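One structure, as structure tokens, below. Some questions next.
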Amino acid sequence: MWANGVLGQLVRFGIVGLASTFVYALVYWPLATYAIPPVLASIAGFLVAVVFGYVFHSRWSFKGHEAEGGVGTQSKFVAVQSVGMAMNATFTWICTGPLHQPTWVPLLPVVFVTPVVTFALNRYLVFK
């Protein structure tokens with residue numbers, strides 16, 4: 001039972017996470033490439049994606065696992081997402097700054113590293 005519950009959450013989290021990553025990329029990439037510095041674009045993309053993610057994670061990915069609901073859960077969610085935003089901004093800065101890579105390169109760790117960390121933090125700290 002436990003394994004199936006967590007596995008189901010992980011699958012749902014993955015689906016919403018992929019959609020959130022797509023939303024992030026749709027905001028980040030054009031801004032970073034044509035409008036504003038990449039780190040600022042990563043923050044803008046993350047803010048849009050976090051709203052999208054909260055709605056779908058709370059209503060589907062972790063449905064029935066609200067710790068306390070309301071402002072408490074939202075505050076914890078924002079704190080966890082802030083960790084993710086800091087990770088994404090750091091990946092972006094390293095890749096596009098010191099490593100002089102194209103603006104799409106930071107999307108690789110954003111897709112493969114940040115979601116693993118934020119899933120664990122959401123699962124065990126926010127949506128218990």
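All values derive from a computational prediction rather than experimental measurement.
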Between L99 and V39, is there a shared hydrophobic cluster once you connect ILVMFWY residues whose side-chain heavy atoms come closer than 4.5 Å?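 Both belong to a single hydrophobic cluster.
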With a cut-off of 3.5 Å and sequence neighbours excluded, list every side-chain donor-acceptor pair involving residues 18-27.
from : atom 1 : to  : atom 2 : distance (Å)
S20  : OG     : V16 : O      : 3.1
T21  : OG1    : G17 : O      : 2.8

side-chain hydrogen bond (donor to acceptor under 3.5 Å, both in side chains): pairs with one or both residues in residues 44-53, sequence neighbours excluded: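 Found none.
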Going by the rule side-chain hydrogen bond (donor to acceptor under 3.5 Å, both in side chains), which residues pair with T96 if we only count those two or more places apart in sequence or in a different chain?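 Testing T96 for side-chain hydrogen bond (donor to acceptor under 3.5 Å, both in side chains), a comparison that skips the adjacent residues, returns none.
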With P102 via side-chain contact (heavy atoms from CB on, under 4.5 Å) - residues at least two apart: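 Counting only residues at least two positions away or on another chain, P102 forms a side-chain contact (heavy atoms from CB on, under 4.5 Å) with W104, V105.
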If the condition is side-chain contact (heavy atoms from CB on, under 4.5 Å), which residues does V50 pass it with, not counting sequence neighbours?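 Testing V50 for side-chain contact (heavy atoms from CB on, under 4.5 Å), a comparison that skips the adjacent residues, returns F46, F77, Q81.
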Would you list the atom pairs, donor with acceptor, under 3.5 Å between side chains in residues 82-91 and any protein atom, with sequence neighbours excluded?
from : atom 1 : to   : atom 2 : distance (Å)
S82  : OG     : V78  : O      : 2.8
N88  : OD1    : T114 : OG1    : 2.7
T90  : OG1    : A86  : O      : 2.8

Write down the atom of A41, the atom of L31, and the distance for their closest heavy-atom approach.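 Here A41 and L31 meet closest at CB-CB, 3.7 Å.
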Looking at every heavy atom in both C95 and P106, which two are closest together, and how far apart are they?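 Where C95 meets P106 most closely, the heavy atoms are CB-CG, 3.7 Å.
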Taking side-chain hydrogen bond (donor to acceptor under 3.5 Å, both in side chains) as the cut-off, I'd like each qualifying pair that reaches into residues 25-46, sequence neighbours left out, listed once.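 Matches after skipping sequence neighbours: W29-T33, W29-T103, T33-T103.
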